[in-house]
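Worksheet: the structure to be examined is printed underneath.
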Amino acid sequence: MTFAEKLMELRRQKGWSQEELGDKLGVTRQTVSKWELGSTTPEMEKLAAMSDLFGITTDELIKGKAPEKTDPENLGIAFEKKQRFSGGEFKSERKWRGIPIVHVSLNGCARGIIAIGPAAKGIIAIGLASMGIVSIGLVSLGIIAIGMFFALGAFSTSITSVGIIAVGDIAVGVFSCGAIGVGWLSFGAISVGQYVFGGYASGTIALGGVADGIIAFGDEVSGEITLTPPITAEEFRAIVIERLPDTPKFIVDLFSWLAENMNINNVSIQ
């Protein structure tokens with residue numbers, strides 16, 4: 001396609017007359033007509049103005065076709081191809097304060113908002129050894145820590161668990177529940193703390209098959225005040241309030257209910 005043919009095609013696509021195109025380029029209708037007839041050609045200044053006007057390159061305008069795209073490889077330029085997962089590692093391009101949003105490493109330490117690897121550190125960390133706000137691993141440290149063998153966190157659960165709320169075979173925490181439970185409020189087969197319930201319970205208020213405490217309730221009891229089944233919740237509550245008036249109300253209610261239900265169900269915790 002010649003320049004004259006290309007110009008006529010572009011003008012008609014825009015729906016312009018020769019006079020309208022001339023006005024936009026600052027020339028007369030007759031000049032545009034001569035360009036389209038091929039009797040004259042515009043100077044470079046007008047060619048540049050036309051390429052801007054039609055939104056094409058001057059090559060497309062003059063030659064009538066788009067320039068061929070050059071393959072960078074043919075120019076001998078080496079371009080690194082980005083691989084999303086290479087060498088057992090992935091790092092997201094998006095970052096927060098210089099830390100990848102996601103970092104997965106199968107060979108070493110992963111550090112990201114979400115980190116997954118043998119060793120992982122992040123807001124959410126998953127690994128053999130992990131540390132994060134939410135942490136999951138064989139050994140886990142976090143605000144919420146879930147571990148296979150050991151977990152330390154505000155809320156923790158593992159075979160061995162330490163936290164404010166601890167659940168595990170061995171649980172140590174303010175609130176603990178486990179085969180062995182140690183805490184301010186503790187439940188377990190063996191339970192030690194201030195307010196405890198279990199097969200063997202030792203604490204300020206202790207309920208269990210074997211119980212030892214200031215107030216001890218169970219089958220085999222020792223302590224200052226010893227109680228054995230049956231007993232009502234009201235009776236147990238009155239004893240606690242009289243002997244330990246500073247006991248939190250929810251503890252009084254909970255242990256009164258537990259004591260009474262041990263009787264109702266004829267349960268002796270061993």
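Just so you know, these numbers use all the heavy atoms, side chains as well, and skip hydrogens, waters and symmetry mates.
- Atom NZ of K46 is surrounded by more than 12 heavy atoms from other residues, nucleotides or ligands within 6.0 Å.
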Listed pairs under 3.5 Å, donor-acceptor, residues 173-183 side chains, sequence neighbours left out:
| residue | atom | partner | partner atom | Å |
| --- | --- | --- | --- | --- |
| S176 | OG | V182 | N | 3.3 |
| S176 | OG | V182 | O | 3.1 |
| S176 | OG | S186 | OG | 3.1 |

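- In terms of heavy atoms, T157 sits closest to A151 at O-CB, 3.6 Å.
- Summarising the geometry, atom CD1 belonging to I215 is positioned 5.0 Å from atom CD1 belonging to I225; distances are rounded to the nearest 0.5 Å.
- For E45, the CD atom sits in a loose shell: 12 or fewer heavy atoms of surrounding residues, nucleotides or ligands are nearer than 6.0 Å.
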### Message
Using the rule given for side-chain contact (heavy atoms from CB on, under 4.5 Å), can you reason through I205 versus V196, listing the C-alpha separation, both sets of side-chain angles and the distance that settles it, and then say yes or no?
### Response
CA-CA 6 Å; I205 299 177; V196 293; over 6 Å; no

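- Put simply, OG1 on T41 and CD on E43 are 8.5 Å apart, with the number rounded to the nearest 0.5 Å.
- Under a 3.5 Å cut-off, the side chain of S39 and the backbone N or O of K34 do form a donor-acceptor pair.
- A salt bridge does not link E20 to R11: none of the charged nitrogens lies less than 4.0 Å from a carboxylate oxygen.
- Test Q18, M8, M50 against W35 for side-chain contact (heavy atoms from CB on, under 4.5 Å) and you get one pass: M50.
- Counting heavy atoms of neighbouring residues, nucleotides and ligands inside a 6.0 Å radius, atom CD of E242 does not exceed 12 of them.
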Check residues 110-131 and write down every donor-acceptor pair under 3.5 Å in which the side-chain atom is one partner and the other belongs to a residue at least two apart or another chain.
| residue | atom | partner | partner atom | Å |
| --- | --- | --- | --- | --- |
| S130 | OG | S135 | OG | 2.6 |
| S130 | OG | I136 | N | 3.4 |
| S130 | OG | I136 | O | 3.1 |

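- By the rule that hydrophobic residues join a cluster once side-chain heavy atoms approach within less than 4.5 Å of another member, L258 and I241 end up as members of one cluster.
- Between F236 and V252, the closest side-chain pair of non-hydrogen atoms is not below 4.5 Å.
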### Task
Take I143 and V134 through the test side-chain contact (heavy atoms from CB on, under 4.5 Å) and record every step on the way to the result.
CA-CA 6 Å; I143 294 183; V134 177; over 6 Å; no

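- Judged by distance alone, the side chain of S51 and the main-chain N or O of T58 form no donor-acceptor pair under 3.5 Å.
- At a threshold of 4.0 Å, the pair E9-K6 counts as salt-bridged, since one of the basic side-chain nitrogens sits closer than that to a carboxylate oxygen.
- The two residues V172 and A166 come nearest to each other via the heavy atoms O-CB, 3.4 Å.
- Across all non-hydrogen atoms, the minimal contact from A201 to L207 is CB-O, 3.4 Å.
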### Task
Could you walk me through whether E235 and E260 pass the side-chain contact (heavy atoms from CB on, under 4.5 Å) test, one step at a time?
CA-CA 9 Å; E235 290 171 334; E260 183 175 68; over 6 Å; no

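- Residues W16 and I56 share a single hydrophobic cluster, defined by chaining ILVMFWY side chains whose heavy atoms lie under 4.5 Å apart.
- Under the 4.5 Å side-chain criterion, counting only non-hydrogen atoms from C-beta, K14 is in contact with F54.
- Nearest heavy atom pair, residue A206 against residue A211, reads O-CB, 3.6 Å.
- At a threshold of 4.5 Å between non-hydrogen side-chain atoms, the residues D253 and R237 count as touching.
- In terms of modelled atom types and a separation under 3.5 Å, the side chain of S156 and the main chain of V162 share a donor-acceptor contact.
- No donor-acceptor pair under 3.5 Å is formed between the side chain of S161 and the backbone N or O of A171.
- In terms of hydrophobic clustering, with Ile, Leu, Val, Met, Phe, Trp and Tyr side chains grouped at heavy-atom distances under 4.5 Å, F155 and L138 are assigned to different clusters.
- Between V167 and F187, every side-chain heavy-atom pair lies at or beyond the 4.5 Å cut-off.
- Of the N and O atoms on the side chains of S33 and E36, not one donor lies less than 3.5 Å from an acceptor on the other residue.
- Listed here is the closest heavy atom pair of V221 and L227: CG1-O, 3.6 Å.
- I146 and F149 sit in two unconnected hydrophobic clusters of ILVMFWY residues. Membership requires side-chain heavy atoms under 4.5 Å apart, directly or through other members.
- Taking all atoms of both residues into account, the shortest heavy-atom contact from L61 to F3 is O-CD1, 3.5 Å.
- The distance from atom CG of L106 to atom CD of E89, rounded to the nearest 0.5 Å, is 9.0 Å.
- Note on L21: it does not cluster hydrophobically with L37, by side-chain heavy-atom contacts below 4.5 Å among ILVMFWY residues.
- Between the S92 side chain and the I101 main chain, a donor and an acceptor come within less than 3.5 Å of each other.
- Atom OH in Y195 sits 9.0 Å away from atom CZ in F255 (nearest 0.5 Å).
- Distance check, rounded to the nearest 0.5 Å: CG of L141 to CD1 of I133 gives 11.5 Å.
- Going from atom CD of Q194 over to atom CG of L244 covers 9.0 Å, rounded to the nearest 0.5 Å.
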I'd like a table of donor-acceptor pairs (distance under 3.5 Å, sequence neighbours excluded) in which one partner is a side-chain atom from residues 22-32, with atom names and distances.
| residue | atom | partner | partner atom | Å |
| --- | --- | --- | --- | --- |
| T28 | OG1 | T31 | N | 3.2 |
| T28 | OG1 | T31 | OG1 | 3.0 |

### Task
Would you sort out whether F217 and M262 count as a side-chain contact (heavy atoms from CB on, under 4.5 Å), showing the intermediate values?
CA-CA 10 Å; F217 176 84; M262 285 172 66; 3.8 Å; yes

